[in-house]
2 protein chains.
Amino acid sequence: MSLTHAPAGAVRQGSLRELNLALVLGRIASADRPPSRADLATATGLTRATVSAVVEDLLAGRLVGESDPAPRSGAGRPARGLVLADQGPAGLGLEVNVDYLTVCVVDLAGQVRHRTVRRVDLRPVDPADALAQLVELAGAARDDAARHGLTLVGAALAVPGLVDDAGVVRLAPNLGWHDVPVPALLAEHPPLIEQVPGVPALVVDNEANLAALGELHSRPPGPSSFLHISGEVGIGAGIVLDGALFRGVRGWSGEIGHLPVHPEGRPCRCGGQGCLEQYAGQEAIVSAAGLARAELPADTATARLAELARAGDADALRALHDAGTALGVAVAGVVNLLDLDTVVLGGGYAALAPWLCPPVLAEISGRVLTAAWSPVTVRPSTLGAEAAAVGAAGSVVRRIVAQPAGWLARTG
Amino acid sequence: MSLTHAPAGAVRQGSLRELNLALVLGRIASADRPPSRADLATATGLTRATVSAVVEDLLAGRLVGESDPAPRSGAGRPARGLVLADQGPAGLGLEVNVDYLTVCVVDLAGQVRHRTVRRVDLRPVDPADALAQLVELAGAARDDAARHGLTLVGAALAVPGLVDDAGVVRLAPNLGWHDVPVPALLAEHPPLIEQVPGVPALVVDNEANLAALGELHSRPPGPSSFLHISGEVGIGAGIVLDGALFRGVRGWSGEIGHLPVHPEGRPCRCGGQGCLEQYAGQEAIVSAAGLARAELPADTATARLAELARAGDADALRALHDAGTALGVAVAGVVNLLDLDTVVLGGGYAALAPWLCPPVLAEISGRVLTAAWSPVTVRPSTLGAEAAAVGAAGSVVRRIVAQPAGWLARTG
DNA sequence: GGCAAATAATTCAATCGCTGAACAAATAGC
DNA sequence: GCTATTTGTTCAGCGATTGAATTATTTGCC
């Protein structure tokens, strides 16, 4: 919705080709069936001649391939469908969380081509050791990817905490991390990434942000503006506005867990009072349901809670209802503020959605000014717990799609 | 922060010139002193030859003019400074509010060249009559602008309510408007606008949104992301993210007045409970201070309140402190969610800022997770009550600056 | 079976706008 | 008055898009 359509910098002669490469490749990526050159010409407004020239570049650079002709109705020479290559550049997605490490590889088309999860309680582990374990998994992933003809061109790491511009994890309370210089620690290991202009070798970002990105690009395509809430020990939100993740001035947006829902209520570790996290965080729900706190890893506690709720346990149902109500109060505020029409419950909330959604919707319909005219959808995440790592890897390949010139210049 | 740098459509041959026209004109607009062609070349990365050609087009189209040479230190041929033209295209800003009508004209450079305010209680007035009065004022403004060599190329109307995509005012409670088809009503009057490709003849938008835009482009330039809060009878917010107004999925973002600050508190006309508006709305403050409600027009009540506070009236001070605290709870939530570092108090709040800022800041520092690392600024609006109309007019000329090709094609 | 219609993709001269270097203009300092 | 310096223009060259013509390949009809 910006008024300035112009790219930030100068538009040189060569930018023209760069921009059209990105335009055509983007169309191929977002099409639901393999488009022909003629389809691309009509869709983009370019001439068929130009599209052919651009596609030739993309084919030469192995970013797209030709597929079997799509079935067509009328007469005429059959089209050759264009699809994103299943070889070539790929993204490495990494996640460090409280009780697991994840590594995955996503190809240009967004397909998950490799995935490893190692369950391990990382709270007592030194950050450098945790990252070393992650690198070990990533090395195996790289080798596996290479066997499929995939080259890792960038990595993104999801962490449950606040990350600054330099990639330093300023604070990850549930992990016990504080000012961990992730890029420096990872630089001590041999590189797994083949550098490409325009693609950063490593991005470190908040887990909720990357999970929202994963949800944004999951198939089938959903809305381009939504709020994605990751309910873990803390509660984080990824805000997607018009297909772009909103990170805030310093990249610390989405701290929905500290929205005040009872301003004079329970004190919170953030220094405030009555924060949402105190009423809808995983520990709050678990203890309200009468389960022993810290009994088991987080995902086990969640599974147990869902089990109890499914069995009709009154305490569990009440705990979930109360948490959903608190969540609904906060979400209603966010929807009023940002005018979003979709809320996705992810992370630990995904499995609890059947019990959380009703009270959340009730609060929304009671508190949102515009709810009467256009309804708000609340639904569980489609990717669930995988969202962050998949979103991280996807964010890498998406850069290639957005700026293919860098990759093409590399391979010649 | 979007990954796609490419414009939405095709990048044709001619787009190149269009983009560079916008790039150079934008630089001229945002420079703090008249830049030379050489300055523009180094700033944009284009060659001096290209800049000269682009500037020639802009000069021929009367969008820029040459100014006296700026003082320079060293040797060499003196530069000719380039400034936005003080003639040519201009924007018409309109505002309908509860107790006044405003019309203003803003030129390319953002200068307010004409301004009319008519104080009139519009609550008992039929919307069509109100708009007819506005058109009358606008006609006089057009004639005045023409005498200064200004051509109105578009209009933007600010209303205190929810507006849909078609420009229909769905609901303006304090004005008593409901489903008012503003574009259709205005179309019955003779047109005042000279149509230009790329510039809509009429945009209708929320008053808080346009006030935020006015603040964004006020001089001296402030931050590019902030929250602008218009405290009138209702409380609206304009959210500016990375220099762009965020409107939400349907254009109804910013309803900060209905953020819950006491979820089980006073019932609100929106159907919810404990909304901010019930604690920090103008009526709430005025009655808490012991002033007779609906005693006087809103701005008079605000002025009286400020007067009492300045005199040390205990009731007024307490009312303002309580309102500021409620506001702070809501703002803290917004800052946690969006990671903004600047909050601007506008509308009726501007005059009350000395008493509202301290409690707002107190709540922020107590509740915002990241406040310890980077402080949040809370300050009054620089434009005050004029912000909405000026922002409306400014949004028109900003389109010309962002897409000068449309205007140039028009005049040849 | 053969032919016309239809659709896909390529080829090629023309054109548009940027580039880079040379050149002209204008001033300060010596 | 001369040189160094900076600004701005001119011009041949070039890359990328364009639009029309051409080639390629299939369906449908007689």
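Sequence lines set the chain letters: A, B, ... in the order given, protein chains first and strands last, and positions in each chain run from 1.
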Distance in angstrom units between [X] [atom1] and [N] [atom2], rounded:
X       : N      : atom1 : atom2 : answer
B:Leu16 : C:dC16 : CG    : P     : 14 Å
B:Arg37 : D:dT7  : CZ    : P     : 12 Å
B:Glu18 : C:dC16 : CD    : P     : 15 Å
B:Glu66 : C:dA25 : CD    : C1'   : 14 Å
B:Leu58 : C:dG17 : CG    : P     : 14 Å
B:Asp57 : C:dC16 : CG    : C1'   : 13 Å
B:Leu46 : C:dG20 : CG    : P     : 11 Å

Margin query: Are B:Pro197 and B:Arg410 packed together at the side-chain level, in the sense that at least one heavy-atom pair is separated by less than 4.5 angstrom?
Written below: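 Yes - at least one pair of side-chain heavy atoms lies under 4.5 Å apart.
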Margin query: Taking the axis from the first five pairs and the axis from the last five, what angle separates them in the helix from C:dG1-D:dC30 to C:dC30-D:dG1, rounded to 10 degrees?
Written below: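 About 10°, once rounded to a multiple of 10°.
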Notebook entry, point to check: If you draw a 6.0 Å radius around CZ in A:Arg62, do more than 12 non-hydrogen atoms from other residues or ligands fall strictly inside?
Noted result: no
Would one find a side-chain N or O of [X] under 4.0 angstrom from OP1 or OP2 of [N]?
X       : N      : result
A:Thr50 : D:dA16 : no
A:Thr47 : D:dT17 : no
B:Asn20 : C:dG17 : no

Notebook entry, point to check: Of all the nucleotides listed (C:dA9, D:dT17, C:dG17), which has the minimum atom distance to the side chain of B:Arg17?
Noted result: C:dG17
Note to self: Please pick, from C:dT27, C:dT10, D:dT9, the nucleotide with the shortest atom-to-atom distance to any side-chain atom of B:Arg80.
What the structure shows: D:dT9
Check: A:His217 and A:Arg398: side-chain donor and acceptor closer than 3.5 Å?
Finding: yes
Margin query: Can you tell whether the side chains of A:Asp165 and A:Arg250 come within less than 4.0 Å, N to carboxylate O?
Written below: no
Item checked: Salt-bridge criterion met for A:Arg37 and A:Glu56 (N-O under 4.0 Å) ->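 Judged by the 4.0 Å cut-off on N to carboxylate O distance, A:Arg37 and A:Glu56 do not form a salt bridge.
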Next item on the list: Might you point out which heavy atoms bring A:Pro404 and A:Leu25 nearest each other, and give the distance in Å?
Entry: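 Heavy atoms of A:Pro404 and A:Leu25 come nearest at CB-CD2, 3.7 Å.
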Next item on the list: Would you state whether a donor and an acceptor, one from the side chain of B:Arg77 and one from the base of D:dT6, lie under 3.5 Å apart?
Entry: no
Look for any protein N or O under 3.5 Å of an N or O in nucleotides 11-15 of chain C and output each such pair with its distance, or none.
none

Checklist line | Interatomic spacing from OG1 in B:Thr50 to CG in B:Leu16 - rounded to 0.5 Å | finding: 9.5 Å
Note to self: Can you tell me how far apart CG (A:Leu40) and CG (A:Leu46) are? Round to the nearest 0.5 Å.
What the structure shows: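 If I round to the nearest 0.5 Å, the distance is 9.0 Å.
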Next item on the list: Could you walk me through whether A:Asp86 and A:Arg113 pass salt bridge (Lys or Arg N to Asp or Glu O under 4.0 Å), step by step?
Entry: CA-CA 10 Å; A:Asp86 60 356; A:Arg113 302 287 291 273; 5.2 Å; no
